[in-house]
Amino acid sequence: MNDDSTSRIVAGLRAWIRNAPAGAQLPPSRALVSEYAASPLTVQKALRRLATEGLVEARPGVGTFVRTVRPSRGADFGWQTAALRTPRSVIPQLAGPMKTAPPGVIELHAGYPGPDLLPERLVRTALGRAARGAAATSRPPSAGLPELRAWFAAELASITPADRTAVVPNDVIVAPGSQSALSSIFRALVAAGQPLLVESPTYWGAIQAAHQAGVAMVPVPSGAGGPDPAEVDRTFRETGARAFYAQPNFANPTGAQWDGERAEAILDVVRSHGAFLVEDDWAHDFGIDAVSRPVAAHDDAGHVVHLRSLTKSVSPTIRVAAVIARGPARERILADRAAESMYVSGLLQQAALEIVSDPGWTSHLKRLRTQLRERRDLLVDSLRSYAPMLEVELVPTGGVHLWARLPEGADVDRVVRDCAARNVWVSGGDEWFPAEPSGPFLRLTFTGPEPAAYPEAARVIGEVLADHPRSAARL
C-alpha cells in the first residue's frame with residue numbers, strides 16, 4: 001500500500017511539474033501530506049523518486065524546486081582519439097538478446113528464463129542464509145569456496161566412466177559468470193592474434209569474448225548434429241590452432257547435441273593435435289528430452305576445459321560459474337581470474353551452494369523440464385501453424401532456443417525491425433556467426449514471459465514474412 005501511495009503522489013506531482021515553469025517551488029511537504037492523505041515518509045519517498053528522475057532538486061532548508069533545464073552543450077572529446085589510438089580489437093555493440101524490451105512486448109529475443117521458471121523461493125532463502133553467515137563479511141579463496149568447488153567436481157565425477165580419472169575440487173575455479181570465464185579462458189589458452197576454432201554459428205557472447213581477447217576466430221561449420229570431425233581435423237591442420245570452442249550439448253543457437261560417437265571422434269582429433277577443447281556446458285540444467293553429456297567426463301589428460309554455469313538456471317543475480325581444467329592450463333586461467341577480479345563474491349558463492357545442495361533443487365529441475373517441453377512445443381506448433389515459411393530444422397532436445405531459417409533472400413534486420421514495430425521482439429541470426437552468415441536466420445527463445453502469447457507472436461512473424469520483400473540474392 002505504501003508503494004501504491006508513493007506512485008500516486010509521484011503521478012500527481014509529475015502532472016503538476018509539467019505545467020510549472022523551471023525553478024518553481026513545489027508545495028511544502030506538510031501541504032503534500034494533507035493533500036494526498038499520506039505519511040511524511042511516503043511524501044519524502046515520492047520526492048526522492050522525482051529527484052532521481054531528474055525532475056526536481058532539493059535545496060536543504062529552502063524546499064524542493066522544479067529542476068532548471070540546463071542547455072545541452074556537446075563537449076569536445078577529440079583529444080581522446082589521439083590518446084586512445086586504434087583499438088586492439090573491435091568489440092560488437094550491445095547484442096540484441098541483451099536489449100530490454102518495453103512493456104507490452106512479446107519477448108522471444110532474450111536468453112534468460114523468466115522469473116516463473118526460476119527457483120525463486122530457494123534463491124530468496126539462500127541469499128538470506130548467506131547474508132547471515134560468515135560469507136557476508138569474509139574474503140573467499142581466489143579459486144572459490146572449497147565446498148562449492150567440491151560440488152562442481154562431484155557433479156562431473158558422478159558421470160565419469162570407471163576407467164577414467166575423475167576431476168577433484170582442486171581442478172575447479174569459480175568465476176563470476178560464464179561470460180567472464182570465457183574471456184579468461186581465451187586469454188589463457190590462446191595468444192592475442194593466434195587462431196581459435198569456433199563452431200559456426202555459435203554463442204554471440206563467445207564471439208564478443210574472443211574479440212575482447214584479441215584472438216583470431218576461425219569458423220568451423222556446425223549443423224543439427226554438431227561439426228564434422230573431419231572438418232575439425234582439417235581446420236586444425238591448416239591453421240595450427242591449439243584450441244576449439246564448442247557447445248556439445250544443446251548449442252546456442254542451434255540446439256544441437258553431439259552424440260557419443262561424434263564427441264569421441266572430436267576429442268580424438270583434439271588429442272591428436274595436442275590442443276584444447278573449450279566445452280561450454282551452459283545448458284546443463286535445461287535438458288528436455290535428453291540430458292547433458294559433458295565431453296569432459298571422458299578426458300583425463302587435460303585436453304578439455306569445461307565451463308559450467310548456474311546463472312541461467314538459478315537466477316541472473318547469482319552470477320556463478322565453474323571452470324574445470326587440469327595442469328598448467330588451470331594455473332594460467334586462475335592467474336587471469338585473479339588479475340581481473342581477485343575473487344568471486346563469497347555471498348553469491350554461498351547462496352549458490354545453498355541452492356544446489358537443497359533437496360528442492362532436484363525437484364525444481366524436474367518441474368523445469370516439463371515447463372520447457374510445454375513451451376518449446378507450443379512455440380514450434382505456433383510457428384508451423386502461423387509462419388510455415390520459417391524452417392525449424394531441429395526441434396532441440398534441450399536448451400531454451402529455436403533456430404529458424406528465413407526464406408532465401410530475406411533481409412534479417414528488416415524482419416527484426418518489422419516484428420518489433422508490431423510488439424514482437426526476435427533476435428536476428430547474424431549475431432551468431434563469427435564471420436559472414438551462411439543464410440538468413442532468427443533465434444527465438446521459448447523461456448520469455450507469457451507463453452500464452454506465442455501463437456500471437458507466430459501470427460505476427462508470419463504476417464511480417466508474408467509482407468516482406470525478398471531479393472533473389474543478397475549482395
Side-chain angles (χ1 to χ4, degrees), residues 95 97 111-112 152 155-156 159 167 171-190 196-213 215 217-220 222 225-227 232 241 243-258 262-263 266-267 270 275-287 290-299 302-314 319-325 329-330 333 336-337 396-401 403 431-434 443 445:
Y112 284 89
F152 279 117
E155 182 186 59
L156 186 59
I159 57 174
V167 299
D171 298 325
V172 180
I173 301 168
V174 178
S178 61
Q179 188 64 26
S180 179
L182 280 174
S183 296
S184 286
I185 293 169
F186 293 163
R187 285 193 297 264
L189 303 185
V190 186
L196 169 70
L197 306 191
V198 298
E199 292 176 292
S200 181
T202 192
Y203 170 46
W204 63 266
I207 295 174
Q208 289 195 328
H211 279 296
Q212 184 185 45
V215 302
M217 286 176 287
V218 181
V220 178
S222 187
V232 176
F244 175 31
Y245 167 78
Q247 302 167 86
N249 291 284
F250 319 132
N252 178 4
T254 64
Q257 183 179 32
W258 302 0
R262 187 177 303 246
I266 291 177
L267 182 55
V270 170
F276 295 98
L277 172 64
V278 180
E279 179 184 31
D280 190 346
D281 196 18
W282 72 277
H284 187 92
D285 298 321
F286 295 124
V291 297
S292 177
R293 302 186 295 264
V295 180
H298 299 270
D299 168 61
H303 286 284
V304 180
V305 175
H306 182 75
L307 177 58
R308 163 78 160 98
S309 175
L310 293 175
T311 302
K312 281 188 170 63
S313 54
V314 172
R319 293 199 59 79
V320 170
V323 178
I324 299 179
R330 186 254 187 198
I333 295 169
D336 188 275
R337 291 288 342 127
T397 56
V400 299
H401 312 296
W403 186 238
E431 292 179 287
W432 277 265
F433 288 93
R443 194 203 69 169
T445 303

State, yes or no, whether a side-chain contact exists between [X] and [Y] at a heavy-atom distance under 4.5 Å.
X	Y	answer
Thr445	His401	yes
Pro294	His284	yes
Tyr245	Leu307	no
Val172	Val167	no
Ile266	Phe244	yes
Arg330	Ile173	yes
Gln247	Thr202	yes
Glu431	Arg443	no

Could you measure the distance from the [atom1] atom of [X] to the [atom2] atom of [Y]? Nearest 0.5 Å is fine.
X	Y	atom1	atom2	answer
Ser180	Arg337	OG	CZ	3.5 Å
Arg308	Asp280	CZ	CG	11.5 Å
Ser183	Ile333	OG	CD1	12.0 Å
Asp336	Leu189	CG	CG	10.0 Å
Leu196	Met217	CG	CE	8.0 Å

For [X] and [Y], which heavy atoms make the closest approach, and how far apart are they?
X	Y	answer
Phe152	Leu310	CZ-CD1, 3.7 Å
Gly287	Phe250	CA-CE1, 3.9 Å
Pro434	Ile207	N-CD1, 3.7 Å
Ser200	Phe433	OG-CD2, 3.5 Å
Ser292	Gln257	CA-NE2, 4.1 Å
Ile159	Ala297	O-CB, 3.8 Å

Is a side-chain N or O of [X] found less than 3.5 angstrom from the main chain of [Y], in a donor-acceptor match?
X	Y	result
Arg262	Gly226	yes
Glu199	Ser222	no
Asp285	Ser313	no

### Message
Checking side-chain polar atoms at under 3.5 Å, does Asn252 have a donor or acceptor matched by the opposite partner on Trp432?
### Response
yes
#### Entry: Check against side chain to side chain contact (heavy atoms under 4.5 Å, CB included), Glu279 and Asn249
CA-CA 9 Å; Glu279 179 184 31; Asn249 291 284; 4.1 Å; yes
### Query
Below 6.0 angstrom between ring centroids: does that apply to Trp258 and His298?
no
